[in-house]
Amino acid sequence: QVQLVESGGGLVQAGGSLRLSCTVSGRTFSNYAMGWFRQAPGKGREFVAAITKSGGNTYYADSVKGRFTISRDNDKNTVYLQMNSLKPEDTAVYYCATGPVAIGRASGYDFWGQGTQVTVSS
């Protein structure tokens, strides 16, 4: 079965950086796109970033463009989200997901990680 495990979340001050990692098992990693989503209290799951199966194309929400970078290492079955210049409004649970194409809709992904908390203090 497919399993996604996120790591790297934590507490950071505004302006700081974090790197999230998500390791996938149970499917051929290089055959699938990967995405990052986040969910703040009282809000729906919001698209953050996505990357195609080979890493040739990346997509970002306007709210994180220029600050966050998604990347993947297919030899390690791992996708990363480098988050720089963090803001308090970035505070959320961050979820890694895998699916057939790199899209910005949560419904386009078939397997999800457990989530990792990112808290940005002001």
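The structure displayed is predicted, hence computed values, not measured ones.
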What verdict does the side-chain contact (heavy atoms from CB on, under 4.5 Å) test give for V2 and D110, after you've listed the backbone C-alpha separation in whole Å, the side-chain angles of each residue and the deciding distance to 0.1 Å?
CA-CA 10 Å; V2 180; D110 52 358; over 6 Å; no
Between F68 and L86, is a side-chain contact (heavy atoms from CB on, under 4.5 Å) present by the stated rule, with each step listed?
CA-CA 9 Å; F68 291 9; L86 283 162; 3.8 Å; yes
Test V79 against W36 for side-chain contact (heavy atoms from CB on, under 4.5 Å), laying out the working first.
CA-CA 9 Å; V79 64; W36 286 98; 3.9 Å; yes
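- Of all heavy-atom pairs between S30 and K53, the closest is O-CB, 3.1 Å.
- Considering only heavy atoms from C-beta on, L4 stays 4.5 Å or farther from Y95 through its side chain.
- Closest heavy-atom contact between G99 and Y109: N-CD2, 3.6 Å.
- Looking only at side-chain heavy atoms (C-beta outward), T52 and Y59 come within less than 4.5 Å of each other.
- Scanning both residues, Y94 and E6, for their nearest heavy atoms gives O-OE2, 3.8 Å.
- Closest approach of S85 and S17 over heavy atoms only: N-OG, 4.3 Å.
- Residues T91 and Q117 are in side-chain contact: their nearest non-hydrogen atoms beyond the backbone lie under 4.5 Å apart.
- Counting heavy atoms from C-beta outward, S21 and K76 have side chains that stay 4.5 Å or more apart.
- A cation-pi geometry, defined here as NZ or CZ lying under 6.0 Å from the six-membered ring centre and within 45° of its normal, holds between R27 and Y32.
- Annotation: W112 is in aromatic contact with F37 [ring centroid separation under 6.0 Å].
- Between A50 and I103, the shortest heavy-atom distance links the atoms CB-O, 4.1 Å.
- Linking ILVMFWY side-chain heavy atoms closer than 4.5 Å, directly or via other members, places V64 and F47 in two distinct hydrophobic clusters.
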Evaluate the side-chain contact (heavy atoms from CB on, under 4.5 Å) criterion for residues D90 and M83: first the C-alpha distance (whole Å), next the side-chain angles of each, then the deciding distance (0.1 Å), finally the verdict.
CA-CA 9 Å; D90 295 318; M83 305 185 294; over 6 Å; no
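- Between A92 and A40, the shortest heavy-atom contact is CB-N, 3.9 Å.
- Y80 and L20 fall into different hydrophobic clusters, where Ile, Leu, Val, Met, Phe, Trp and Tyr side chains are chained together by heavy-atom contacts under 4.5 Å.
- Looking at F29 and M34, their side chains come closer than 4.5 Å, going by heavy atoms from C-beta outward.
- Atoms CD and OG, from E89 and S122 in turn, are 10.0 Å apart once rounded to the nearest 0.5 Å.
- In this structure, I70 CD1 and N57 CG are separated by 12.0 Å, a value rounded to the nearest 0.5 Å.
- Linking ILVMFWY side-chain heavy atoms closer than 4.5 Å, directly or via other members, places F111 and L81 in a single hydrophobic cluster.
- With a 4.5 Å cut-off on side-chain heavy atoms, E46 and S63 count as touching.
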